[in-house]
Amino acid sequence: AGPRSVVAPKPSQVIPKGKYSNAFLAHILVMKFFFQIPLHRQILIMFMQGLTVGAGALTGMLKKLEPLLYPLYLRLVEVNRSEGHWHIDETGWMNYVQIGEKEGWHWWLWVFAAPKTVVFVLDPSRSSAVPFKQLGRDAQGIVVTDRFSAYAKLLKLITGLKQALCWAHFRRDFINAGKAVKSLRAWADLWVARIADIYRINRERLSVLDNPNLFAAAQLRLKDGLESMRRQMSVELEDAGLFREKRKVLNSAVKHWEGLTVFSDNPLVPMDNNFAERLLRPAALARKNYYGTHALWSGNLLACAMSVLQTAARYKLNGEAYLRYYLDGCAQ
């Protein structure tokens with residue numbers, strides 16, 4: 001009986017008795033792992049806006065978030081493994097953690113980009129064991145990669161995989177040859193133009209996927225263009241006096257021709273691996289901004305958060321809103 005006050009319940013917190021809200025935690029994760037803004041810079045920005053936050057407090061919060069994001073990460077890994085088409089690439093990452101017999105701090109950040117999900121894996125190794133573990137022995141489908149030897153070994157370990165090689169790297173061989181030897185510039189430019197023509201024909205083919213008759217005609221033009229290119233390589237290689245740099249580039253193309261032409265019979269497979277390389281650009285930005293990670297948990301958080309945020313970005317979702325939703329669910 002009598003006057004009383006009714007107060008709204010306190011918002012649920014994923015870190016019990018924590019100082020900051022789930023929305024604040026989501027914001028920190030996005031700034032750090034999507035925009036790659038280091039914590040000390042975030043602290044300075046907030047200080048300019050009138051909020052004083054300690055570096056230790058932020059680090060402690062991130063450490064508590066890592067085991068909360070990990071189950072979602074494992075679910076993304078599970079879906080990714082089942083998709084049947086992957087873009088794979090890797091880039092160097094500094095992780096200042098001493099483990100086992102590994103010498104030095106140079107680790108590798110791998111990306112496995114599939115139609116539905118994007119998964120990052122931080123591992124001390126650059127060997128075929130990493131994609132083998134990620135995809136599993138029974139994987140079946142197509143992997144789009146560069147010519148790194150680990151991928152060739154991967155195909156021997158997983159017989160259900162087919163490798164589609166990147167035409168951007170193929171094109172780069174001719175560009176580099178033209179830069180290395182000035183007299184080869186015209187020859188290299190001619191081959192770059194031929195490759196551009198294949199790209200053009202493929203774009204025309206993909207634009208008529210929903211029209212069987214037009215697609216069949218475009219498919220025939222593509223096959224003819226590829227066969228003409230293969231014959232031109234054979235003709236040039238028959239020249240006994242062929243310049244060494246020319247022979248090196250053309251021999252490489254002949255050796256990898258099967259992988260370079262996988263896309264012709266699989267219209268949904270791109271000609272290059274640019275998708276994976278674009279996904280690794282934030283990691284390159286992070287290397288410049290905060291150099292790497294300094295603990296196993298922070299390396300795991302990097303892989304988890306980048307996987308969640310880049311997968312969300314694929315669906316044009318608001319990554320920060322998605323993390324708020326997820327953290328609220330964890331709190332409840």
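Numbering starts at 1 and runs along the sequence shown.
- At a threshold of 4.0 Å, the pair Asp89-Arg278 does not count as salt-bridged, since none of the basic side-chain nitrogens sits closer than that to a carboxylate oxygen.
- Here Phe243 and Trp187 keep their ring centres 6.0 angstrom or further from each other.
- In terms of modelled atom types and a separation under 3.5 Å, the side chain of Asn289 and the main chain of Gln36 share a donor-acceptor contact.
- For Gln232, the CD atom is densely surrounded, since the number of other residues' heavy atoms within 6.0 Å is greater than 12.
- Seen from the ring of Tyr290, Lys32 counts as a face-on cation partner, given the 6.0 Å and 45° thresholds.
- Formation of a donor-acceptor pair under 3.5 Å by the Arg247 side chain with backbone atoms of Asp239 is found in this model.
- A salt bridge links Lys223 with Asp265: the distance from a Lys NZ or Arg NE/NH1/NH2 to an Asp or Glu carboxylate oxygen falls below 4.0 Å.
- A distance-only check finds no donor-acceptor pair linking the side chain of Asn266 to the backbone of Val269 [under 3.5 Å].
- The backbone N or O of Ser298 lies less than 3.5 Å from no partner atom in the side chain of Glu66, so there is not a single donor-acceptor pair.
- Seen from the ring of Phe263, Arg205 does not count as a face-on cation partner, given the 6.0 Å and 45° thresholds.
- Electrostatic pairing of Glu227 and Arg231 counts as a salt bridge here, judged by a charged N lying under 4.0 Å from a carboxylate O.
- Judged purely by atom type and a 3.5 angstrom limit, Tyr20 has no side-chain atom pairing as donor or acceptor with the backbone of Leu58.
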